Amino acid sequence: MFASESAQRVSYRHNDQHGQAIGLPVGKVVCVGRNYMDHIQEMSNQVSEVPLLFMKPSTAVVDMREPVAVPTIQGECHNELEVAVLIAAKLTKVTPEQASKAVYAIGLGLDLTLRDEQSRLKEIGQPWERAKSFDGSCPLSPFVLVNSLSNNDHFVFQLHINEQLVQSGDTNLMLTPILQLISEISHHFTLLPGDVILTGTPKGVGPLHVGDKITAVLEGHLSISTRVSSQ
Ligand code: ZN
């Protein structure tokens with residue numbers, strides 16, 4: 001092993017809610033922007049006619065139970081709590097029905113976003129990776145195994161910062177629901193076992209500060225408490 005290999009890549013594994021390692025590799029993270037109307041409104045963004053997609057590399061993924069390390073010299077770093085979907089099969093150009101059988105587990109992810117940097121990139125028409133795909137930009141919770149997902153399944157989730165409720169979401173309110181989203185993504189990028197989809201954030205994004213206490217809840221399944229530290 002080379003000394004330059006990132007420590008976080010070596011140490012992060014997908015885990016289940018009982019603390020057992022999941023036997024899937026850590027792959028890419030495909031994210032969707034503007035999937036909840038209340039967040040589109042808080043950002044004064046336009047509704048996207050097709051899902052707005054971007055990616056985080058595997059080097060962005062860290063364990064949410066560890067302190068969340070934010071870069072402190074690049075302006076505001078915002079919380080975006082999202083439902084995370086862990087994929088267990090290779091998916092190329094699949095239907096929502098085919099996608100339903102490939103969902104292995106559900107968890108939570110933080111799509112950490114350098115908001116000042118993102119605004120700068122938007123203004124000059126450049127891609128968002130510098131703002132959203134940096135090392136550690138994707139803290140993931142342990143996953144709840146589901147084996148498959150139907151259109152009737154929905155998830156309620158919350159983010160508390162310093163005991164204050166700041167984000168409250170329900171996957172029933174997504175503009176593009178989970179199975180349609182996986183199908184759409186698979187028509188552009190093949191998904192592999194171990195890849196993760198982040199499904200968009202509801203309103204309530206805002207700057208994180210070193211020392212903040214974060215609690216992320218997937219109702220009925222998970223409650224993860226962690227702290228914000230500096231990178
Ligand atoms: Zn997001």
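Both counts, for ligands and for their atoms, begin at 1 and track the order of listing. Here the structure is a predicted model, which means the values were calculated and not measured.
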(message) Keeping Glu80 on the side-chain end and Leu110 on the backbone end, is there a donor-acceptor pair under 3.5 Å?
(response) no
(request) Report the protein N/O/S neighbours of the Zn ion (ligand 1) that fall below 2.8 Å; do not count waters. (result) Glu80 OE1, Glu82 OE2, Asp111 OD2
(message) My understanding is that a hydrophobic cluster links ILVMFWY residues whose side chain heavy atoms are under 4.5 Å apart, including indirect links. Using that, what else belongs to the cluster containing Ile73?
(response) none
(message) When you measure from the side chain of Asp212 to the backbone of Val228, do you find a donor-acceptor pair of N or O atoms at a distance under 3.5 Å?
(response) no
(request) Determine whether Cys31 and Met55 make a side-chain contact, defined as any pair of heavy atoms from C-beta on separated by less than 4.5 Å. (result) no
(request) Would you confirm whether Asn162, through its side chain, and Lys213, through its main-chain N or O, come within 3.5 Å as a donor-acceptor pair? (result) yes
(request) May I ask you to decide if Ser100's main-chain N or O and Ser148's side chain share a donor-acceptor pair within less than 3.5 Å? (result) no
